[in-house]
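Structure record follows, encoded as C-alpha cells.
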Amino acid sequence: MSSDELMRRVIRLAEENVRAKLGGPFAAIVSKNGEIVAEGTNLVTSTNDPTAHAELVAIRRACVAISSFQLVGLELYTSCEPCPMCLGAIYWARPSAIYYGATHNDAAAAGFDDSFIYEQTRLPVTQRAIPMRQALSDEAQSPFAVWRNTAGTIPY
C-alpha cells in the first residue's frame, strides 16, 4: 500500500471506532514496506484503560507480531498527531517514521486537549497539579545497581 492508502485506512479505522463506540476518534497502523503489520484503535472507554490509545494498541500488537520490543525499520501511521504519552512510547519503540493526519490543535477543538500535559511537564515537580514527592531515594538506587551487575540484561 502507498502512504496515502495507509493514511486513508487509518482515518477509516478511526471513523469506524467512533461508530462502534469502542473509544475516541483515533486509529494507528504499523507498517513495513507498505504492508500492515498491526492496527490499533482507541479503546480507552471500552476497556477502562487510560493508556489504550490507538498508537499504544498498535505498537503493542506490532511488537507481538514481529517478536521485538522495537519497531526499527517500521513506520507508524496515526489519524492524529500523537499525545505526549503516545509520543513517549513511540520514541521508545523507535519506528523509522511517523505519519499523522490531524494535528493536536484539531484534537483539542474536538474536546481532546492535551496541552495541559505539555504544560505540566515544563513545571518543576513541586508545582505540578498532581503532587509528586520523592521517597526513599537512596534505596531506590538498588534496582539500578542490580541492573548494572546482572549479566545478560538487554539494553534499550
Side-chain angles (χ1 to χ4, degrees), residues 1-125 127-133 143-144 147 152-156:
M1 297 175 86
S2 71
S3 290
D4 285 350
E5 289 171 319
L6 288 164
M7 212 50 210
R8 285 186 185 99
R9 169 80 182 144
V10 82
I11 292 166
R12 281 194 311 275
L13 284 172
E15 292 170 348
E16 291 168 7
N17 198 58
V18 173
R19 289 186 188 101
K21 298 183 181 174
L22 294 174
F26 306 99
I29 292 173
V30 176
S31 72
K32 183 172 185 170
N33 301 322
E35 298 293 322
I36 295 173
V37 174
E39 297 177 333
T41 59
N42 181 287
L43 301 174
V44 170
T45 56
S46 63
T47 62
N48 294 318
D49 180 353
T51 70
H53 287 204
E55 295 91 339
L56 295 183
V57 172
I59 288 169
R60 290 171 182 150
R61 290 175 179 170
C63 288
V64 169
I66 66 169
S67 300
S68 176
F69 60 88
Q70 293 184 339
L71 302 177
V72 176
L74 284 76
E75 299 174 330
L76 178 70
Y77 289 80
T78 181
S79 59
C80 188
E81 184 178 359
C83 76
M85 175 182 68
C86 292
L87 193 58
I90 291 164
Y91 273 94
W92 279 112
R94 295 179 175 88
S96 297
I98 306 165
Y99 298 91
Y100 65 93
T103 68
H104 70 275
N105 290 324
D106 298 326
F112 298 91
D113 190 358
D114 55 17
S115 61
F116 74 97
I117 299 171
Y118 289 106
E119 292 165 7
Q120 289 292 301
T121 61
R122 289 187 207 106
L123 292 173
V125 172
Q127 294 178 16
R128 294 183 182 162
I130 298 175
M132 294 180 69
R133 295 177 186 91
F144 298 121
W147 172 265
T153 55
I154 300 171
Y156 59 97

[atom1]/[X] to [atom2]/[Y] distance, rounded to the nearest 0.5 angstrom?
X     : Y      : atom1 : atom2 : result
Glu81 : Phe26  : CD    : CZ    : 11.0 Å
Ile98 : Ile90  : CD1   : CD1   : 4.5 Å
Cys83 : His104 : SG    : NE2   : 11.5 Å
Met7  : Tyr99  : CE    : OH    : 10.5 Å
Ile59 : Arg61  : CD1   : CZ    : 12.5 Å
Tyr77 : Leu13  : OH    : CG    : 14.0 Å

Closest non-hydrogen atom pair, [X] against [Y]:
X     : Y     : answer
Leu71 : Cys63 : CD2-SG, 3.9 Å
Leu76 : Ala28 : CD1-CB, 4.1 Å
Gly73 : Ser96 : N-OG, 3.0 Å
Ala62 : Ala38 : N-CB, 3.4 Å
Gln70 : Trp92 : CG-O, 4.4 Å
Met1  : Glu5  : CA-OE1, 3.2 Å

If only atom types and distance count, is the side chain of Arg94 paired as donor or acceptor with the main-chain N or O of Val72 below 3.5 Å?
-> no
Counting distance only, does the side-chain N/O of Ser31 pair as donor-acceptor with the main-chain N or O of Gly34 below 3.5 Å?
->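 Checked: no pair found.
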In terms of heavy-atom contacts, does CZ of Phe69 have more than 12 from other residues, nucleotides or ligands at under 6.0 Å?
->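 Above 12, so yes.
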Taking only residues two or more places apart in sequence or in another chain, which ones pass side chain to side chain donor-acceptor pair (under 3.5 Å) with Asn105?
->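 None.
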Can you check whether [X] reaches [Y] side chain to side chain, under 4.5 Å on heavy atoms?
X      : Y     : result
Val18  : Glu15 : no
Val37  : Leu74 : yes
Phe112 : Pro25 : yes

According to the side-chain hydrogen bond (donor to acceptor under 3.5 Å, both in side chains) rule, which pairs have a member within residues 108-117, sequence neighbours left out?
-> Asp113-Ser115
Quick note, side-chain hydrogen bond (donor to acceptor under 3.5 Å, both in side chains) partners involving residues 37-59, not counting sequence neighbours, are Arg9-Glu39, Asn17-Thr41, Asp49-Thr51, Thr51-Arg60, Glu55-Thr78
